[in-house]
Amino acid sequence: MSERYPSLNALLERLSTHTAWEFEDQEIEDVLTGKSLRPFPSMRHEEHSMSRAPLDIKSNSFVPPSTPFQVDLLIEGKEAKEESGANRPQNEWKFGMGVGDVALSVTLHEENGSRHLRVSAIGCAESEWGITTQMRVRAGIGEENMKVLDRDVFDFTRYRHPIIFHLHQDFRAVKFEMRFINSFFRRHPSFDEGDVIIRFADGSTLRTWKGLLSQASPYMALKMRETEDDGIVDVSPFDRSSFIELLLQLYPTERPIWANFKPLANAAVSFDVRDVIVRLSDHLVNYRKIPHYRRLEDAAKLNLYPAVACMVEEAARTNLWTAMIHNGYDPVQSLGDHVYTHVVCPSIVRAKFAQSLLPPLPLAKIEMKAEDLLSDSSAKDPLNQCIMLMGTPFYVNRGILRTHTGGYTVNSLGQLVISVPKDVFLMCKKMNIPVGKVFLELVFSLYPSGSDVSAGLVRPALAYAYHLRLKYAVDKLEQALISEPVTNAGQLIDHLYLSETYRLTNLLRITGYSSSNSRSNVFWMGPWMAYAR
């Protein structure tokens, strides 16, 4: 979650009323072992000791050994329904959390005279999700004799290890009480819609959009222009699972770049999807848990040459490269003669002849410009859709539009005509910015390689995305608003207004929780009362 919501760190610290849990990182041997390569936050092993607030058990308390263990979950004060199943073990409980099909799984383990609970959230494999919640844990001999053992802010994602709670032997009841702070759920596409059919070596097929593939890959752009609508493109001998992993990075799924590293790298390099190659390389360069020389070798084996160039240049400028050579490192044998000649040597030359104070050459990210939507070449591209805004034509990739909207209607000229909502017009007038600029930045943010909407345009872009029913864009812009620190009553009321007007559930939760947990409750009471009136 921290990768998706980096701005929540300060808020989480403020909401956390007890000592924060400790993290135990798990080392990763190699990205080529077949195991997913994950960044630091997802590798945390969270263990909460229940002995911090021991229950005062009276000496005359008697707990019959046959007393069944009971687990309950309250979400926002309401009791969550336990999921039933004929094959469910007696020591396992599952509760629906109300976020997609995500369920809270609680398992009781007893071994060597000790007992503990393993708590995690689980969901279907074909989805991406994350939940940040305030959670209070109470335990005791029975429901009438329970004390608070722990309360903290917890993150649940499909990539996290279970949270472990150690329990006293006499405990027979545990109750989890949750209040959601932030959540999202993205189901993976079914790949049964599109204007092109992709066929694999095993004969299986899937549907996707020609425009989406063309925008991502120069190689696929040539293939798509040679293919009629509903035509078949055979990508044998490439496998289906790796290709789907690539598509999950092009669709708005929130799939982490490290979720399935090796298959994704194989697909991105094979089909020359440059934006994904850059993001994979950037992740590997900054993954400091693996030694420098191991990351170099992994990048070379996966043909992630931008990562090799960046790491070699960084090592050469810091004299790490010289130390590696003196210690017996052989780059030709480790990386291969081709990589050494065409990637390593030019990077070393650049590092030696550049100014010593200059940072390493950044990984080149594909930047979009206004001309990409307004030029004559864009108008002639059959994979673009003409959108008319205030008499000005914008040519937007049709495949990207379909992945964000699900569908739209055009006029007799094949144009998608959109208007300017009143609230968007008034916002732009107040900020003295053209509506077209807001629309451009909003469209750029839809592209996999596009940039985020600039901070000053988040509000009008959010309003426009809401009226255009661009759900994924609204969710993304909502997180941008959440990142804004609320320092005065005006900002608080503004966030409340936006939450109510555009149905921003996460923003409403965080605004309310941050105000209720503020050190100065008197300061926050005024705006809340004014808003209520």
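Nothing here was measured: the structure is a model prediction, and the numbers come from that model. Each residue takes its place number in the sequence, starting with 1.
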Contact check, side chains of [X] and [Y], non-hydrogen atoms, under 4.5 Å:
{"X": "Trp93", "Y": "Leu73", "value": "no"}
{"X": "Val343", "Y": "Val312", "value": "no"}
{"X": "Leu117", "Y": "Pro162", "value": "no"}
{"X": "Leu250", "Y": "Val273", "value": "yes"}
{"X": "Asn182", "Y": "Ile510", "value": "yes"}
{"X": "Trp209", "Y": "Leu383", "value": "no"}
{"X": "Phe156", "Y": "Met135", "value": "yes"}
{"X": "Met178", "Y": "Leu104", "value": "yes"}

*Give the C-alpha distance, both sets of side-chain angles, the deciding distance and a yes or no for salt bridge (Lys or Arg N to Asp or Glu O under 4.0 Å) between Glu313 and Arg317.*
CA-CA 6 Å; Glu313 187 174 335; Arg317 292 190 180 191; 2.8 Å; yes
Between [X] (side chain only) and [Y] (backbone N and O only), is there a donor and an acceptor less than 3.5 Å apart?
{"X": "Asp272", "Y": "Ser217", "result": "no"}
{"X": "Tyr447", "Y": "Asn397", "result": "yes"}
{"X": "Thr253", "Y": "Leu248", "result": "yes"}
{"X": "Arg151", "Y": "Arg136", "result": "no"}
{"X": "His495", "Y": "Val486", "result": "no"}
{"X": "Ser445", "Y": "Leu442", "result": "yes"}
{"X": "Thr341", "Y": "His338", "result": "no"}
{"X": "Ser105", "Y": "Ala121", "result": "no"}
{"X": "Arg295", "Y": "Ile290", "result": "yes"}
{"X": "Asp372", "Y": "Lys369", "result": "yes"}

*Using the salt bridge (charged side-chain N to carboxylate O under 4.0 Å, His left out) rule, collect all pairs that involve residues 238-247, keeping only residues at least two apart or in two chains.*
Glu245-Arg255
Using a strict threshold of under 4.0 Å (side-chain N to carboxylate O), is an ion pair present between [Y] and [X]?
{"X": "Lys437", "Y": "Glu441", "result": "yes"}
{"X": "Arg288", "Y": "Glu314", "result": "yes"}
{"X": "Glu92", "Y": "Lys94", "result": "yes"}
{"X": "Asp298", "Y": "Arg294", "result": "no"}

Spatial distance of atom [atom1] ([X]) from atom [atom2] ([Y]) [nearest 0.5 Å]:
{"X": "Asp494", "Y": "Glu484", "atom1": "CG", "atom2": "CD", "answer": "7.5 Å"}
{"X": "Phe184", "Y": "Asn506", "atom1": "CZ", "atom2": "CG", "answer": "10.5 Å"}
{"X": "Cys310", "Y": "Leu284", "atom1": "SG", "atom2": "CG", "answer": "10.5 Å"}
{"X": "Gln479", "Y": "Leu504", "atom1": "CD", "atom2": "CG", "answer": "10.0 Å"}

_Sequence neighbours excluded, every pair satisfying side chain to side chain donor-acceptor pair (under 3.5 Å) that has a member inside residues 320-336_ = none
Ring-ring centroid check [X] [Y], cutoff 6.0 Å:
{"X": "Tyr251", "Y": "Phe191", "value": "yes"}
{"X": "Phe271", "Y": "Phe238", "value": "yes"}
{"X": "Tyr287", "Y": "Trp258", "value": "no"}

*Using the side-chain hydrogen bond (donor to acceptor under 3.5 Å, both in side chains) rule, pick out the option among Arg179, Glu177, Arg509 that qualifies with Gln134.*
Arg179
*Between the side chains of Thr132 and Asp155, is a donor N or O closer than 3.5 angstrom to an acceptor N or O?*
yes
*Heavy atoms from other residues, nucleotides or ligands near OH of Tyr305 exceed 12 (cutoff 6.0 Å)*: yes
*Test Glu128 against every option in Arg158, Arg187, Arg186 by the salt bridge (charged side-chain N to carboxylate O under 4.0 Å, His left out) rule and name the one that passes.*
Arg158
